[in-house]
Asks: 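Have a look at this one.
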Amino acid sequence: MSLVLDQAHGAGWSVFNADCVTFAAGMPDASVDLAVFSPPFSNLYVYSESAADHGNCATDAEFFEHYRFLVRELYRITRPGRLCAIHVKDLVYYQNSSADGSAGLRAFSDGCTRVHIEEGFSFHCRITIHRDPVLERAKSNPHGLLWKTFQSDASFCRVGMPEYLMVYRRWTQPGEEGLVRPVLHPKAEVPLERWQDLAGPVWRTGEPNIAIPYGDPRMGGGSLTWNLQEPGRGDGDLPATDVLNVEVARDPDAERHLCPMPLNITRRAIDLWTNPGEVVFSPYTGIGSEGVAALGMGRKFIGTELHPTYFGQATRFLADAERDAAAGSLFDMLNAAG
Ligand SMILES: C[S@@+](CC[C@H](N)C(=O)[O-])C[C@H]1O[C@@H](n2cnc3c(N)ncnc32)[C@H](O)[C@@H]1O
């Protein structure tokens, strides 16, 4: 049974202050068109004291044991033929934290893939989100990224750590064909360049808002504004700063962190893998980034979040996003009429 401590709704969204596993167990089959989210990285951040908090796990094995129950429900509630996209990175063993005391990395993203496959999904693709190694070095000073390590013994050198969008597919099973709904990108609305941009295996774009002409202007064509990739542009990263303001939901207790999912990555996933009006689900809603992206793009959103402070902030961001989206479409209508 799902224990919902609080809930909030708008015209196109609902968020529940609840444990994602028990809540998802009550959701109808095939009710989600895209699940997109950042799981709490095991052993990295502690979000709350709750035993149900998947960030409260001492080891990766313990995290995956809990996460598996969510993935099992995700498989059931995802529309046949649709996807689940998770934003993750691999993790660092800080000194003496690995079983044999050595430093190094652990392939957390591969662990996620293993669980998703074991629970019925298939591996669809991995998108690498480029992150600047110089910034990583400045932030955490890892031995493997030091210039002096490169000079003294480069056998310890590693490359910087990217983020990933790991994407899993729920294939249609016999008898489910009637539930399949293709995701459409009509040629007249989306230019080839946009598709080529989204199809890149490494996303490293800024948001320069480049207008790309499409169609014949005499026949009603025009230009669409996309945030195209800009390889080789300085740090070359999707701005890691394109996130909701987490400070407004800062828990005064120490040791609490929330790492919001970048809006630019989320929007690209929603754009690629959903139709307008469809349902986007984030089991780990946090302060609401996936929902804000979804509502801003004319999709519906359902979320669950365990931490009451984050839940409260998510409801405010979602209400704002829905109001902004409504104001935007009214403006578009007036422009079209005028
Ligand atoms: C990586 S953060 C998600 C951030 C979110 N994508 C955003 O942009 O705000 C992970 C979130 O999962 C929540 N969480 C952890 N265990 C949970 C559970 N069992 N059910 C629901 N939420 C949970 C944490 O409180 C935290 O807010």
Side-chain angles (χ1 to χ4, degrees), residues 2-7 13-27 34-58 62-74 84-89 91 108-109 112 129 163-166 238 240-251 253 255-267 269-270 280-296 301-318 320-321:
S2 161
L3 182 61
V4 174
L5 299 172
D6 200 355
Q7 54 188 288
W13 60 272
S14 292
V15 176
F16 300 87
N17 181 199
D19 166 41
C20 59
V21 176
T22 48
F23 186 87
M27 289 173 70
L34 173 71
V36 60
F37 58 91
S38 298
F41 302 159
S42 54
N43 213 3
L44 186 60
Y45 299 121
V46 173
Y47 299 103
S48 70
E49 302 304 329
S50 167
D53 188 330
H54 293 174
N56 270 350
C57 298
E62 189 186 331
F63 169 77
F64 288 127
E65 200 183 312
H66 293 289
Y67 183 61
R68 174 181 302 285
F69 290 107
L70 172 67
V71 176
R72 193 166 293 167
E73 297 303 333
L74 283 174
C84 171
I86 67 169
H87 173 238
V88 292
K89 59 191 298 191
L91 301 177
F108 182 75
S109 54
C112 293
I129 295 143
E163 294 165 16
Y164 301 112
L165 199 63
M166 310 293 297
L238 272 158
T241 47
D242 187 21
V243 292
L244 292 177
N245 179 7
V246 71
E247 290 302 322
V248 292
R250 182 72 72 196
D251 193 307
D253 297 345
E255 294 284 342
R256 303 285 158 84
H257 304 273
L258 180 127
C259 188
M261 181 158 174
L263 294 167
N264 40 23
I265 299 170
T266 316
R267 286 195 196 105
I270 292 172
V280 172
F281 175 52
S282 171
Y284 305 108
T285 291
I287 57 172
S289 312
E290 296 88 303
V292 166
L295 296 176
F301 179 71
I302 299 178
T304 51
E305 170 53 47
L306 201 58
H307 195 298
T309 310
Y310 300 152
F311 161 81
Q313 187 55 49
T315 64
R316 289 187 281 280
F317 277 140
L318 289 165
D320 289 352

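For the numbers below, each heavy atom of this structure counts, side chains included, while hydrogens, waters and symmetry mates do not. Order of appearance sets the numbers: ligands from 1, and atoms from 1 within every ligand.
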Asks: Would you say Ala314 touches ligand 1, if touching means a heavy atom closer than 4.0 Å?
Replies: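 Contact check Ala314 vs ligand 1: negative.
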Asks: Could you tell me whether ligand 1 has any atom less than 4.0 Å away from a heavy atom of Leu244?
Replies: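 False for this residue.
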Asks: Judged on heavy-atom distance to atom 13 (C) of ligand 1, which of Gln313, His87, His66, Glu305 sits nearest?
Replies: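 Minimum heavy-atom distance to atom 13 (C) of ligand 1 goes to Glu305.
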Asks: Report yes or no: does a heavy atom of Phe37 sit under 4.0 Å from some atom of ligand 1?
Replies: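 No.
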Asks: Which of the atoms in ligand 1, numbered in the order shown and given with their element, are less than 4.0 Å from a heavy-atom of Met261?
Replies: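 Listed by number with element, the hits are 6 (N), 7 (C), 8 (O).
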Asks: Does ligand 1 have any atom that is closer than 4.0 Å to a heavy atom of Val21?
Replies: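 The answer is no, since Val21 has no heavy atom less than 4.0 Å from ligand 1.
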Asks: In Å and rounded to the nearest 0.5 Å, what is the CG to CG distance from Leu306 to Asn17?
Replies: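 Nearest 0.5 Å value for the CG-CG distance: 7.0 Å.
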Asks: Hey, are the side chains of Pro262 and His87 touching, using non-hydrogen atoms and a 4.5 Å cut-off?
Replies: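 Yes; the side chains approach each other to less than 4.5 Å.
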Asks: Could you tell me which residues satisfy ring pair (Phe, Tyr, Trp, His ring centres under 6.0 Å) with Phe37, sequence neighbours excluded, listed by chain and number?
Replies: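 Partners of Phe37 by the ring pair (Phe, Tyr, Trp, His ring centres under 6.0 Å) criterion, ordered by chain and then number, come out as Tyr284.
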Asks: Is ligand 1 under 4.0 Å from a heavy atom in the side chain of Pro283, in the backbone, in both, or in neither?
Replies: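 Under 4.0 Å from ligand 1, Pro283 contributes backbone atoms alone.
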Asks: Mind listing the closest non-hydrogen atom pair of Leu258 and Gly286 along with its distance?
Replies: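 Closest pair (atom of Leu258, atom of Gly286, distance): CD1-CA, 3.9 Å.
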Asks: Give the contacting part of Tyr284 toward ligand 1: side chain, backbone, both or neither, where contact means a heavy-atom distance below 4.0 Å.
Replies: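 The answer is both.
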